[in-house]
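Read through the structure below, which is laid out as structure tokens, and then see the notes.
Counting starts at 1 for both ligands and their atoms, following the listed order.
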Amino acid sequence: MPLVTMGPMLKRAQKERYGIAAFNMIDYNSVRSIVDGATALNAPIIVQVSTKTIRHWGFKPIASWVRQLAEDTAVPVALHLDHCSDLNIIKGCIDAGWTSVMFDGSSLPFAENVKKSKEAYDIATAAGVGLEAEIGAIGGVEDDKFVAEDKSILADFDECVAFCKEMPKLAVFAPAIGTAHGFYAGEPKIAYELLERITSVIDIPIALHGGTGLTEEQFHRCIGSGCAKVNISTMHKHRFVEGFLEVRKQKPKEAEPLPFIKGQYDAMLGDVRDMIRIFGSEGRAPHAAGQA
Ligand code: 13P
């Protein structure tokens, strides 16, 4: 089917308390593993792209890979731009066919973040594209941004309320709740009470950033409290590298590239399936398709 926007699929996930996996893609092989994993389990899926990945491949190749794979499957696929503070890249994605985008103004003072996010919101809304926006500071490395885990800042509850009031039709809201991008240095301290307080008054699906390294129990608790979009990047990148190297280890004399690509694909596919099962979105595609 054609690419879908993520708003309706996330609304349903939020209501029925399951999570939709949002994997950060790397190349065509990676997108294939993401879409094939979702197809095998009949699950809606979000393919998200970092600005660094766009700078590497360009808008058009990425859009055409994902669009083609989406058209060849019966499960809903959304193409999303991950953390981006550049409105020109956001516009470039929309023009190239992305169905949702994220504006990340979390490093700005609150008033400035609201102003810039609202600008992105107006652009996305006018184009019929969903917007994700963030407040607080999620720790770790994402793209060119680094926030030390001890410098991460939980979202302020009153600011969350004021922020979402300005943008009531946000497709997904990303408040910092103590998770971090990359591998966790220690035990993640998730602010469940803050999450529950936010979702008790804000009726917008929540994005859970920093999925790599969380336990099943942590995923379930966050999803049960309203996190409908669950982001996975670092784990996928590791499978990409490890899957490739594993073939070299097992067949040191292999000179044909395709077995390496297959090994890499299988490694990524395994994770995609595992995450979909853990998040509870297996078998949710047919209804989601009707609403997309
Ligand atoms: P991880 O790299 O920890 O999986 O986080 C991904 C993410 O939140 C992307 O925005």
> Quick one: CG on Asn113 to OG on Ser107, what's the gap to the nearest 0.5 Å?
Replying inline: 8.0 Å

> Which ligand 1 atoms does His181 reach within 4.0 Å, using its non-hydrogen atoms?
Replying inline: 3 (O), 5 (O), 6 (C), 7 (C), 8 (O), 9 (C), 10 (O)

> Would you call Phe173 and Ile198 a side-chain contact if the rule is heavy atoms closer than 4.5 Å?
Replying inline: yes

> Would you call the rings of Phe260 and Phe244 parallel, tilted or perpendicular, where under 30° means parallel and over 60° means perpendicular?
Replying inline: tilted

>> Within ligand 1, which atoms have a heavy atom of Asn24 less than 4.0 Å away?
In response: 9 (C)

> Can you tell me how far the SG atom of Cys84 sits from the CD atom of Glu132, to the nearest 0.5 Å?
Replying inline: 12.0 Å

> Looking at CD of Glu217 and SG of Cys222, how far apart are the two atoms once the value is rounded to the nearest 0.5 Å?
Replying inline: 10.5 Å

>> So if I count the atoms of ligand 1 from 1 in the order they appear, which ones are less than 4.0 Å from some heavy atom of His209?
In response: 8 (O), 10 (O)

> Against heavy atoms of Ile232, which atoms of ligand 1 measure under 4.0 Å?
Replying inline: 4 (O)

> Is there any N or O on Met235 that sits under 3.5 Å from an N or O of ligand 1?
Replying inline: no

> Which atoms of ligand 1 are found less than 4.0 Å from any heavy atom of Ala180?
Replying inline: 3 (O)

> Which distance, rounded to the nearest 0.5 Å, do you find between the CD1 of Ile46 and the CE of Met25?
Replying inline: 15.0 Å

> Looking only at heavy atoms, is any part of His83 under 4.0 Å from ligand 1, and if so is it the side chain, the backbone, or both, or is it neither?
Replying inline: side chain

> Under 4.0 Å from any heavy atom of Thr234, which atoms of ligand 1 are there?
Replying inline: 1 (P), 2 (O), 3 (O), 4 (O)

